[in-house]
There are 2 protein chains.
Amino acid sequence: MSVGIRHDDLRRRNRAMVISAVRRAGQPSRTEIAATTGLSHSTISAISSDLIQEGILTESKASETVSLKRGRPQVGLSLNPEAAAVLAVVLSLNSLSVAVIDYAGQVIAEEQRRLDTLTMSRDELIGECVAIVRRRLEDPDLDVQSVARIALAIQGITDSHARAMLWSPITPQTNIAFADILEREFGIPAIMENDCNMMAVALRWRDPDRYRDDFIAILLSHGIGMGLVLKGELFTGTHSSGGEFGHMIHRPGGALCRCGRRGCVEAYAGNYAIWRNARQLSENAEPVADVSDAEMRALATRARETDGPEREAYRKAGEALGFGLGSLFALIDPAPVAMVGASAAAFDLIEPALREAIAQTAGGQHSDSISFDTEPNELPLIREGCAMRALSFVDQEIFAPGAQGKSGTIRKHVA
Amino acid sequence: MSVGIRHDDLRRRNRAMVISAVRRAGQPSRTEIAATTGLSHSTISAISSDLIQEGILTESKASETVSLKRGRPQVGLSLNPEAAAVLAVVLSLNSLSVAVIDYAGQVIAEEQRRLDTLTMSRDELIGECVAIVRRRLEDPDLDVQSVARIALAIQGITDSHARAMLWSPITPQTNIAFADILEREFGIPAIMENDCNMMAVALRWRDPDRYRDDFIAILLSHGIGMGLVLKGELFTGTHSSGGEFGHMIHRPGGALCRCGRRGCVEAYAGNYAIWRNARQLSENAEPVADVSDAEMRALATRARETDGPEREAYRKAGEALGFGLGSLFALIDPAPVAMVGASAAAFDLIEPALREAIAQTAGGQHSDSISFDTEPNELPLIREGCAMRALSFVDQEIFAPGAQGKSGTIRKHVA
DNA sequence: CAGTGTTTTTTCGAGGCTCGAAAAAATAAG
DNA sequence: CTTATTTTTTCGAGCCTCGAAAAAACACTG
């Protein structure tokens, strides 16, 4: 049940608004902030002087902003990089990475490790994650006090409260409450997010013009994932991270999917599925655990050269993605799509069949207006999304604490 | 870009909060309102005395609330029925209905007409709608001044701004801006909504325990429609009303759908599809325009009696609905489902195959926990949803006017 | 039936917040 | 050096919400 607005919430919300305006704009003047927030100059002046006093914002040197206009020059406000730091941890198939990001969003340290996630035990997996975080926190260059948040992204399904991994293709383990584990271990608030959702968050920051209120990020990798932003908000399921586009049903009773079910989109468009079809194996053949990027590149090259089973495999992938997107578009209407991941480099092979399939679906009439971007490198995107999410948390819950839309439920997922 | 909170927004929002608390609770005392809104007694007292002064709320007679407790008895506050009135217009296949509803939500007049919507011209269709509204407004018993809003629901796709019908199965006409037309004609704000979305809104009001934050309402009728509430908000597409569950793809290239495409869920589960399969016609056979309820009942009876093509037709319908729901559940996770419409009476024939199909999809692991309610009569539900939506508008935009949206854009879609 | 206890509702002053107007500050142009 | 222009701060006014206390309205008790 929604709750009334108390008088003191007002300041807190407007503080958060100012911080978020600075984060978005980079180095806005007080006047610009007043314009974007709609608040009066007096209010902005009061709030920003508070924030500067508290070390959250800093005034840029006057010399930096070369003004060509007459009048008193604007003083740019920016986030104080030392106000806080966050950790972004990304756990994906056979790889674990961490980055330390300052409050202004700059990466100040990072580390990456190769693991054999598929065979590791539960404790080993947790241990590695804890260890890599600990190493970063013990870095003498880092003021541990200032680390305000850890965001961990994983391929797979997380719960809707951002506490736990429920299921993941990168490990046979299930239900690991990474967020709780890290919080207990380090006493730092942590969240556990789905990798594709973080991709979507990052795309929104990177290119707010293209990826504003409604868009889709699809991960074309060993599996198929999706991050979806609708009406400016990250879309999640009711209980889990949701948006399991790869497991929408393409053909009832069809090809065997890695999840054990049949006919999922992923069972036609995941790397293992393309590989399986390229080798002309049965649709019932057990999905292989991993296909190297090199092997996929070779497959794509061969598909471009000759009209053989490789090309057909990509065609089938495109068809599955197209009908899947068509079904999705029946629900949410068409929206810009970003294709992310290694196989996005082979999107030229996928696109024709994909568009042909979409044309046969609810997205059909807009088929031409649907545009696809490709971004082959998912890891930086995921990391960036984690960082932004963690920083947004610091902005809102730490530097503008109090009743942030506490509508019964804990938190809203704002991209 | 989100916008700051001005000082005067505070009162407006809290006014809206109080009104909405009264609408939800029926006859709450000031103390109860204070509890549910979290505002202080002083504030509630001030706001409610304003609202009573303005004729929006009324105090219930003390005698009505028989208090068994000691102390000063609570005074129930209720909506003043005369504060405003709204019109709910429902346009469906061959039928047009209107109801006048007072501010407290009671129907005070209604009218229903049979039309031949499929053959009517654009002007005739518009004319009938305008005429039926005009007749209600000219009713001498009604104070026209008080009519604050018209809500019109239609089977089919509406635009996301609730202004126009874009496409509808009940007429060959497209792009009729009913909301604008009615506004121009009568000078009363109007909205145009999708019928299934209104069903969802109504279910939420009827049974907030079962249908709270996440649920699905599916209309099983000549076509298949869906209304979806996620995280307490009505789900709509980015450009249109969206949620076109019936046109998700069940079998690529499969049965011919009324929309002209192939393999849609509706092409297996709509009345015309069940009828087509029961008659063992080809999947490519042109969908019939209408199947009478009596005919569908006969089909269902026969399906219950003998294991013939009728039973198989219902089985196929269940399968299509099940795989469709499975795909949907991959995106949003399982949620309670209400099956609405005449064919919901045959849900016993549909359910086994439906559950079997779901079990093969992402909803599979929760198959048992998914529960279905049935409600054969959709019209009252749609009308109720329209009424609630129109009344919510009056609550918020008229009786608590000002900057409602906390974001720059005008927010409209709140269930 | 008057007094007492209990619960609800209103009243009232205090404290905060935002706003508009005016002042102050900082620079370019003349 | 003066004037024009733009940004930022200051200050008083006007609201709003809150807590505490008072007032109101009833049940219970002897």
Side-chain angles (χ1 to χ4, degrees), chain A residues 3-18 22 25 27-53 57-77 400 402-403, chain B residues 3-18 21-22 25 27-53 57-77 400 402-403 406:
Chain A
V3 119
I5 301 179
R6 320 279 290 278
H7 200 204
D8 36 335
D9 295 347
L10 229 155
R11 221 336 150 45
R12 290 183 179 128
R13 290 197 193 205
N14 286 340
R15 268 175 75 104
M17 199 82 51
V18 169
V22 175
Q27 237 183 36
S29 69
R30 292 168 176 80
T31 308
E32 280 177 63
I33 298 173
T36 60
T37 59
L39 297 172
S40 73
H41 288 186
S42 353
T43 304
I44 299 301
S45 180
I47 292 177
S48 52
S49 98
D50 280 359
L51 291 173
I52 290 170
Q53 198 103 44
L57 298 184
T58 51
E59 288 190 333
S60 309
K61 294 260 103 179
S63 59
E64 289 174 24
T65 52
V66 184
S67 72
L68 295 169
K69 290 183 299 184
R70 296 173 59 147
R72 179 172 176 174
Q74 303 190 349
V75 181
L77 296 179
Chain B
V3 119
I5 302 178
R6 321 277 291 278
H7 199 208
D8 36 335
D9 294 347
L10 231 158
R11 220 337 148 47
R12 290 182 179 130
R13 290 197 194 206
N14 286 341
R15 268 175 74 102
M17 199 81 51
V18 170
V22 175
Q27 240 185 33
S29 70
R30 292 166 174 82
T31 308
E32 280 177 63
I33 298 174
T36 60
T37 60
L39 298 171
S40 73
H41 287 186
S42 351
T43 303
I44 299 301
S45 180
I47 292 177
S48 52
S49 96
D50 281 0
L51 291 173
I52 290 171
Q53 198 103 45
L57 298 185
T58 50
E59 287 189 333
S60 308
K61 295 259 104 183
S63 58
E64 288 175 25
T65 53
V66 185
S67 73
L68 296 171
K69 291 183 298 184
R70 297 174 58 148
R72 179 173 176 173
Q74 303 189 351
V75 181
L77 296 178
K406 45 189 181 240

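Note that this is a predicted model, so its numbers are computed, not measured.
- The side chain of R6(B) contributes an N or O atom lying less than 4.0 Å from OP1 or OP2 of dC19(C).
- Computed from coordinates, the H41(B) NE2 to dA22(D) C1' distance equals 15 Å when rounded to whole Å.
- Listed for the S60(B) side chain is a donor-acceptor partner under 3.5 Å among the backbone atoms of G76(B).
- Listed nucleotides dT18(C), dT10(C), dT8(D) differ in distance to I47(A); the shortest reach to its side chain belongs to dT18(C).
- Along DNA chain D, the nucleotide nearest A46(A) and the nucleotide nearest G38(B) are compared for position; the residue whose nucleotide lies closer to the 5' end is A46(A).
- Looking at heavy-atom distances under 4.0 Å, T31(B) makes contact with sugar-phosphate atoms alone, never a base.
- Rounded to whole angstrom, the span from the CZ atom of R12(B) across to the P atom of dT17(D) amounts to 12 Å.
- Counting to the nearest Å, the P atom of dA24(C) and the CZ atom of R30(A) are 19 Å from each other.
- Computed from coordinates, the I33(A) CD1 to dT9(D) P distance equals 11 Å when rounded to whole Å.
- Residues I5(A) and E32(A) both approach DNA chain D. Their nearest nucleotides, taken by heavy-atom distance, put E32(A) toward the 5′ side.
- Residue whose closest nucleotide on DNA chain C sits further toward the 5' end, between I44(A) and R72(A): I44(A).
- N14(B) has a side-chain polar atom (N or O) that falls below the 4.0 Å cut-off from OP1 or OP2 of dT17(D).
- Among the nucleotides dC18(D), dT10(D), dT9(C), the one closest to any side-chain atom of L39(B) is dC18(D).
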> Please walk me through it: do D9(B) and L10(A) pass side chain to side chain contact (heavy atoms under 4.5 Å, CB included)?
Replying inline: CA-CA 10 Å; D9(B) 294 347; L10(A) 229 155; over 6 Å; no
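- Between the CE atom of M17(A) and the P atom of dT18(C) there is a distance of 11 Å, given to the nearest Å.
- Looking at I47(B) and R11(B), their side chains come closer than 4.5 Å, going by heavy atoms from C-beta outward.
- The distance from atom CD of E59(B) to atom P of dT8(C) is 15 Å, rounded to the nearest whole Å.
- Residues P28(B) and A21(B) come closest through the heavy atom pair CG-O, 4.2 Å.
- In terms of phosphate contacts, T43(A) brings a side-chain nitrogen or oxygen within less than 4.0 Å of OP1 or OP2 of dC19(C).
- Judged by distance alone, with hydrogens and angles left aside, the side-chain atoms of S45(B) form no donor-acceptor pair with the main-chain N or O of H41(B) at under 3.5 Å.
- Rounding to the nearest 0.5 Å gives a distance of 12.0 Å between NE2 of H7(A) and CG of L39(B).
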> side chain to side chain contact (heavy atoms under 4.5 Å, CB included) between E59(A) and R30(A): does it pass, once the steps are laid out?
Replying inline: CA-CA 10 Å; E59(A) 288 190 333; R30(A) 292 168 176 80; 2.6 Å; yes
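- Following rounding to the nearest Å, Q53(A) (CD) and dT9(D) (C1') show an atom-to-atom distance of 14 Å.
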Tabulated below should be each protein N or O lying under 3.5 Å from an N or O of nucleotides 13-15 of chain C; please produce it.
from    : atom 1 : to    : atom 2 : distance (Å)
dG15(C) : N2     : H7(A) : ND1    : 3.3

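- Look at R70(B) and you won't find any side-chain N or O under 4.0 angstrom from OP1 or OP2 of dT8(C).
- Side-chain nitrogen and oxygen atoms of S42(A) include none within less than 4.0 Å of the OP1 or OP2 phosphate oxygen of dG20(C).
- Among the nucleotides dC17(C), dT7(D), dC16(D), the one closest to any side-chain atom of Q74(A) is dT7(D).
- Under the side chain to side chain contact (heavy atoms under 4.5 Å, CB included) test applied with V18(B), the options T43(B), D50(B), L51(B), L77(B) reduce to a single match, L51(B).
- Remark: P of dT18(C) and CZ of R11(B) are 18 Å apart, rounded to the nearest angstrom.
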